[in-house]
Amino acid sequence: MLYDFTVPAYRNGLRALSAQLDKALGWGAENGVGELQFIAARLAPDMFPLSSQVRFSCQQAIQALTRLGAAGAPQFAEDATDFAGLQAQIAATLAWLDSVDAATIDNDSGRSVAFDLPNGMAFDMTAATYVRDWAQPQYYFHLVAAYAILRHMGVPLGKVDYVNYMFAYLRPGTAPAG
């Protein structure tokens, strides 16, 4: 069950982020906003820029699953310096997600997951509480921050851009006319 709560959600979010970046690049070209402006953009002076938010979105997905037993994860030590690099990080993460074995992730939701933060704080949780209370919130925080930076820069994104994967579930005949 942990696999179903993580891997499909990570795929959906990263694919949506990739499409948001494509839209931002096109909009930026039409409106005089360059890649470097987007890459360096941040919501507040003490927050990380877009390049870090994209890398962190990828890393949060990877870190969650490696803590649950997945192996062979890609490493991103640096922020990307252009949109091609952002897209490459997303593509590498998506490719790795396709290799993650569900049985490894789901083998015991009650097993211990322990981790330390750089500030010295240490946490002890079960795999299930780790996914619910840490992994998912961390992943979505960075995904939303990237979306918010693009919106802040003027990219005309809406909820449909954030949850574009929902159209797979749309009941025929219920889309608004338009």
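Fair warning: this is a prediction, and the values are worked out from it, not measured in the lab.
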Excluding L170, membership of its hydrophobic cluster (Ile, Leu, Val, Met, Phe, Trp, Tyr; side-chain heavy atoms within less than 4.5 Å) reads V160, F167

Inspect the surroundings of CE in M1 and state if more than 12 heavy atoms from other residues, nucleotides or ligands are less than 6.0 Å away.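 Incorrect, the count does not exceed 12.
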
Other residues, nucleotides, ligands: >12 heavy atoms within 6.0 Å of E78 CD: no

Step by step, would you call L50 with L21 a side chain to side chain contact (heavy atoms under 4.5 Å, CB included)? CA-CA 10 Å; L50 177 66; L21 292 170; 4.3 Å; yes

Expected output: side-chain [X] to main-chain [Y] donor-acceptor under 3.5 Å:
{"X": "T6", "Y": "L2", "answer": "yes"}
{"X": "R67", "Y": "A64", "answer": "no"}
{"X": "R151", "Y": "V155", "answer": "yes"}

Quick test of your reading: applying ring-ring contact (aromatic ring centres under 6.0 Å, His included), list the pairs with at least one residue in residues 2-39, sequence neighbours left out, ordered by first then second residue.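 Only Y10-Y139, F38-F83 qualify under ring-ring contact (aromatic ring centres under 6.0 Å, His included).
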
ring-ring contact (aromatic ring centres under 6.0 Å, His included) partners of residues 92-120, not counting sequence neighbours, each pair once: F115-F123, F115-Y130, F115-W134

Apply side chain to side chain contact (heavy atoms under 4.5 Å, CB included) to I90 and C58, showing your working. CA-CA 6 Å; I90 293 169; C58 294; 4.0 Å; yes

Would F48 and V54 show up in the same hydrophobic cluster when neighbours are defined by side-chain heavy atoms closer than 4.5 Å? no

Given the rule that I, L, V, M, F, W and Y join up when any side-chain heavy atoms are under 4.5 Å apart, are V144 and M153 in one cluster? yes

Would you mind listing every side chain to side chain donor-acceptor pair (under 3.5 Å) that reaches into residues 155-170, with sequence neighbours excluded? K23-D161

Partner residues of Q59 under the side chain to side chain contact (heavy atoms under 4.5 Å, CB included) criterion, sequence neighbours left out: R55, F56, F76

Could you note down all residue pairs passing salt bridge (Lys or Arg N to Asp or Glu O under 4.0 Å) where residues 117-133 supplies at least one of them, sequence neighbours left out?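 Those involving residues 117-133 do not exist here.
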
Do D22 and Q87 have side-chain atoms, one donor and one acceptor, less than 3.5 Å apart?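 Q87 and D22 do have a side-chain donor-acceptor pair below 3.5 Å.
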
